[in-house]
Number of protein chains: 2
Amino acid sequence: MATRSSVKTFPLPFTTVDVVIFTVLDDVLRVLLVQRPNAEGEPFPGAWALPGGYVDTAVDATLEDCARRKLLEKTGVGSPYLEQLGSWGGAARDPRGWSATHVYFALIPAQGVVLAKGANAADVAWYAVADVLRAPELAFDHAAILRTAVERLRSKVEYTSLPAFLLAEPFSLPQLQRMYEIVLGRPVDKSGFRTRMLSANFLEEAGVAEGDSYRPAKGYRLIDRSAPVVFPRTFSPRAGDSNT
Amino acid sequence: MATRSSVKTFPLPFTTVDVVIFTVLDDVLRVLLVQRPNAEGEPFPGAWALPGGYVDTAVDATLEDCARRKLLEKTGVGSPYLEQLGSWGGAARDPRGWSATHVYFALIPAQGVVLAKGANAADVAWYAVADVLRAPELAFDHAAILRTAVERLRSKVEYTSLPAFLLAEPFSLPQLQRMYEIVLGRPVDKSGFRTRMLSANFLEEAGVAEGDSYRPAKGYRLIDRSAPVVFPRTFSPRAGDSNT
DNA sequence: ACAATAGTGTCTCTTAGACACTATGCG
DNA sequence: CGCATAGTGTCTAAGAGACACTATTGT
């Protein structure tokens, strides 16, 4: 900042914002992808990519506002769980020049989502995360970004209430447990799960949860939707490797 | 990215990188600050700020390279612990216009640091973190950034080997324990501490540690300096509040 | 030999994990 | 009335915290 402060004659990097939007649909963890336009001069024509784009300095007051806007445009969801994931920047990631992207990651319930088709972003779809990770044909460095996002999600799910943001309220404890199991990819003990959730004091009762179950379950709602709860310990440290 | 891809006639935000560099000096956690120039047109003239500045697209291949460069220029340290903290961007944070900064945070041992004085960044100094947080007169939104960095540091120290990066090798377990206590601001039990460190298997013996102690202590070195170790549990969960 | 620090042993109490059990509503 | 799911109780064992102890070296 010192060296060349007032005189700005050097080339500026492009600034973009991308959003990794997760949901659980049909018992599978999914991520929202958009197909890149086929127009001339466009990088990665026809390839799938994370939703995002240039910051509009005239519209977006902050980076987070920009992320919210993009999420709303693509999904119609206005109150997601949203946190910053990190940023990726360099000379090589976009053929158009030096660029830096600020990446956010969001969790939303599948229901109530209205995907924005047509317009300019040709197509939008929910992809199973496992499939995308297996054959990562994404544009730019989005495969790496997605990988990081999934890692972050999995690791935080071990000790936070994050999966609650994947469900529409009111939800039942069995449903919530299901979310944990889907994201973690392994079963979770029912009894321990319930004690843990209820003693963390972040849920309040709210009627009865939807579901085609034999016995209806109590409904719950988040007391505070603004942030997840951090549990004092991780799930199943019994299996603790000493690495990472 | 879709809407206005090829035609870039709209204003680009400024892209900067800032680095929060921590060390422990004289038994106190400190952060490196630089004084902003007094020249005309400079924002926050004379104020203290985090070291950082514009990305130089001709020199820096990636954001992290840029952070490494700035750290090397200011401290002479070439192999710090470096991780990304997050990014802050918006219309209001810099009077010169819409700007986004990518912030990294670094840990370095105090010894061997050669502060770069003079030149253009008028002055450089280690400030006690506690003092700066008490009277946050920093330029831009750097006070908020520092606060976030300290939070992140403190929280990660609870369950990782991060403080090892604050020491020159070889170091002793008592010295390492001291680092934990200084960062956490509370005493840590010796016995538990040792079991924990040694069973995590990230240290290897390396001679004898420096120190004016009565009884010399065994020296240790990190087996892998590239990343910290994550412990399965936090320190003293006994005191666990249910919040945050 | 003594002081000061390095390093070890032991006890207790919490709590997670495992799993068996009871309760309840639907077909 | 039985069955599938919701929800509870109990046992065990691992580990953390606390603290008392022993070991080693410099002065």
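Residue numbers begin at 1 in each chain, while the letters A, B, ... track the order of the sequences. Scope of the values below: all heavy atoms of this structure, side chains included, with no hydrogens, waters or symmetry mates. This is a predicted model, so every value here is computed, not measured.
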Between the protein and nucleotides 25-27 of chain D, are there any N/O to N/O pairs under 3.5 Å, and if so, what are the atom names and distances?
residue, atom, partner, partner atom, Å
dG26(D), O4', Tyr214(B), O, 3.3

* Structure fact -> note: Met197(B), atom CE; dA6(C), atom P; distance rounded to Å ~ 16 Å

* To do: Between Ser191(B) and Ser172(B), just flag the one whose closest nucleotide in DNA chain C comes earlier from the 5' side.
  => Ser172(B)

* Structure fact -> Rounded to the nearest 0.5 Å, the OG atom of Ser161(B) sits from the CG atom of Leu176(B) at a distance of 8.5 Å

* Asked: Over how many whole Å does the gap from Lys190(B) atom NZ to dA6(C) atom P extend?
  -> 7 Å

* Partners meeting ring-ring contact (aromatic ring centres under 6.0 Å, His included) with Tyr220(A) (sequence neighbours left out) -> none

* Structure fact -> Sequence neighbours excluded, the answer for ring-ring contact (aromatic ring centres under 6.0 Å, His included) partners of Tyr127(A) is Trp48(A)

* **d(CG, Asp189(A); P, dG7(D)) in whole Å** => 15 Å

* Structure fact -> Rounded to whole Å, OH of Tyr159(A) lies from P of dT15(C) at a distance of 21 Å

* Take atom CZ of Arg196(A) and atom P of dT8(D), then tell me their distance rounded to the nearest Å. => 18 Å

* Quick one: list whatever passes salt bridge (charged side-chain N to carboxylate O under 4.0 Å, His left out) with Glu210(B), sequence neighbours left out. => none

* Applying ring-ring contact (aromatic ring centres under 6.0 Å, His included), name anything that partners Trp126(A), two or more places apart in sequence or on another chain. => none

* Would you say dT8(D) has OP1 or OP2 under 4.0 Å from some side-chain N or O of Arg194(A)? -> yes

* To do: Measure from NZ on Lys218(A) to P on dA23(C) and round the result to the nearest Å.
  => 15 Å

* Whole-Å distance separating the CD atom of Gln177(A) from the P atom of dG7(D) -> 11 Å

* Asked: Arg194(B): what forms a salt bridge (charged side-chain N to carboxylate O under 4.0 Å, His left out) with it, not counting sequence neighbours?
  -> none

* Asked: Between Leu198(B) (CG) and dT8(C) (C1'), how many Å, whole number?
  -> 12 Å

